[in-house]
Amino acid sequence: MSSDNTQLVDRDLAVLWHPCSQMKDYESLPMIPIRRGQGPWLEDFDGKRYLDAISSWWVNLFGHANPVINRAIRDQLESLEHVILAGFTHEPVVRLSEELVALSPPGLTRCFYADNGSSAVEVAIKMSFHFWRNQGHSRKTRFVTLGNSYHGETLGALAVGDVELYKEIYRPLLMDTLMVPSPDCFHREQGESWEAYSRRQFAHMEQCLQQHGDEICAVIVEPLVQCAGNMRMYHPIYLSLLREACNRHGVHLIADEIAVGFGRTGTLFACEQAGITPDFMCLSKGLTGGYLPLSVVLTTDPIYAAFYDDYDTLKAFLHSHSYTGNPLGCTAALATLEIFRSRDVLGRNAELARHMAASVADLQDHPHVGEIRQHGMILAIEMVRDRAGREPFPWQQRRGLEVYRHGLDQGVLLRPLGNVVYFMPPYVIEETEIDLMARVAAEGIDLATGLKTAV
Ligand code: PMP
């Protein structure tokens, strides 16, 4: 590593504590200081480049240092960087809300802002609970969540998720939820279609709603892809059935589109593939094109109306964050939506998605690949010890870490989730870059599964 790289790492290790990291790991796998980004590429202080195959934690849509978004933020900076959103407003937040309402599934008419994904989930949970209180349904205190789901790291968001690794230690601090088995199609029977399996798994949800409907505020789901839960996927039919059942049982539906929103699954929002409108839709990550922390919860007129009353009825939703609706964040979001308008992003993504599928087709028969699955611009390759029985490699072996190391060595930022190698690149990626990403992933999988050894 160059002296500039090393110096920054040393200074970092003296004062920082990094997210989602065992800090001791940095003894054997140094972090990478990044000097600049350009399109889908990141560059370190040595001038070594890394293809950002994971959109920097699924946030970046149109590349790093995107000229359209850069310009918009620079302009906004000259007039207003921030203002309190209680009692005040500003043009970027009004325009953004108008545009989001116009683009979202019909019926979502109100925008409530926060500043990160977990906070948006907290807002949706609290709003749902509070709605039922305002309506006189004080028995409704519980939330239904899917096995293998993930909704963030704050205590409320963690409680409605199910990734053991992040959740287990904090369990004594968390509210109790009703957990229903996931429609995750990795577990379907041989020869069973995604649709048939998703339908079959819905029986658990129906039973839960039937048994507990009068105690339940809402069901929360990640539409189509359980991203942090190893990019496990399911069929849109599950969402259609869920919408209908929630209506029947008087329960809200919260769609957490924080990771899958803004075109990742092929449509602007994943819910569109099921033709449904949730009662709450949470957005963040790609909302600002990956530039600034901002999140929003969209909801419906009837829910908004249940909070609208004289102050002394104490029905108001008094939740707030200091940076709620930050003008720079809203401006980045408006520029992001402008890019969607000015180009056929989803059409181009469909081509890129086909190219991604073709680029890994050779891995279909790999002895340690249990499944290759894809929803639009999210593609995942599941490494298994035994292909026939889909037996997993023990997590302690950290096979994914081998792929990560190989990727960095070869200039591709892959960040496997356990034994699952996945691609979720910025939409400005080119076909040749997809080929590079796929080749490096395939080599990494060979190395990690012991099919080849490093030379
Ligand atoms: N929900 C989903 C589906 C997510 O993938 C994430 C982040 N990975 C979150 C919520 C939490 O968002 P944040 O990290 O901004 O708190």
Side-chain angles (χ1 to χ4, degrees), residues 18-21 52-61 112-128 143 145-167 170 174 177 182-184 218-234 238-239 253-265 269-271 278 280-298 319 321-326 329 332-333 336 375-378 380 415-418 420 422-424:
H18 283 259
C20 205
S21 297
D52 189 354
I54 58 156
S55 299
S56 288
W57 253 342
W58 321 338
V59 299
N60 191 291
L61 298 187
F112 189 99
Y113 289 87
D115 46 22
N116 64 75
S118 305
S119 299
V121 169
E122 301 280 342
V123 165
I125 290 172
K126 285 175 67 180
M127 256 187 198
S128 173
F143 290 85
T145 179
L146 293 178
N148 192 47
S149 58
Y150 179 86
H151 299 287
E153 296 294 336
T154 53
L155 294 178
L158 204 56
V160 293
D162 181 43
V163 177
E164 286 293 306
L165 183 62
Y166 307 135
K167 180 170 180 174
Y170 304 107
L174 304 179
T177 56
S182 170
D184 162 14
V219 178
I220 181 166
V221 295
E222 295 160 272
L224 302 186
V225 188
Q226 297 189 308
C227 292
N230 293 347
M231 297 293 167
R232 293 290 179 77
M233 302 181 182
Y234 59 92
Y238 193 88
L239 297 172
L253 173 55
I254 303 173
D256 174 354
E257 294 237 8
I258 288 163
V260 296
F262 298 101
R264 291 285 183 200
T265 66
F269 300 113
C271 280
F280 301 93
M281 182 166 80
C282 304
L283 303 173
S284 188
K285 293 193 186 276
L287 173 62
T288 62
Y291 265 66
L292 286 161
L294 183 71
S295 62
V296 61
V297 179
L298 284 109
H319 184 107
H321 298 285
S322 315
Y323 283 100
T324 288
N326 172 260
T336 300
H375 258 312
M377 288 295 281
I378 308 175
R415 199 169 190 280
L417 291 154
V420 175
Y422 70 90
F423 306 146
M424 206 198 283

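Below, each value reflects all heavy atoms present in this structure, side chains not excepted, and no hydrogens, waters or symmetry copies. Positions are given from 1 along the sequence. First listed ligand is number 1; within each ligand, the first listed atom is number 1.
Inter-residue side-chain proximity for Val221 and Leu253 is flagged as met; some heavy-atom pair is nearer than 4.5 Å. Leu61 has its side chain within reach of Arg264: a pair of non-hydrogen atoms, C-beta onward, lies under 4.5 Å apart. The closest side-chain heavy-atom distance from Cys227 to Met424 is below 4.5 Å.
At distances below 3.5 Å, at least one donor-acceptor pair connects side-chain atoms of His375 with backbone N or O atoms of Tyr234.
Counting only N and O atoms by type, the side chains of Asp52 and Ser56 include a donor and acceptor under 3.5 Å apart.
Under the side chain to side chain donor-acceptor pair (under 3.5 Å) criterion, Gln226 pairs with Asn148, Ser182, not counting sequence neighbours.
Listed by chain and number, Trp58, Asn116, Gly117, Ser118, Tyr150, His151, Gly152, Glu222, Asp256, Ile258, Ala259, Lys285 each place a non-hydrogen atom less than 4.0 angstrom from ligand 1.
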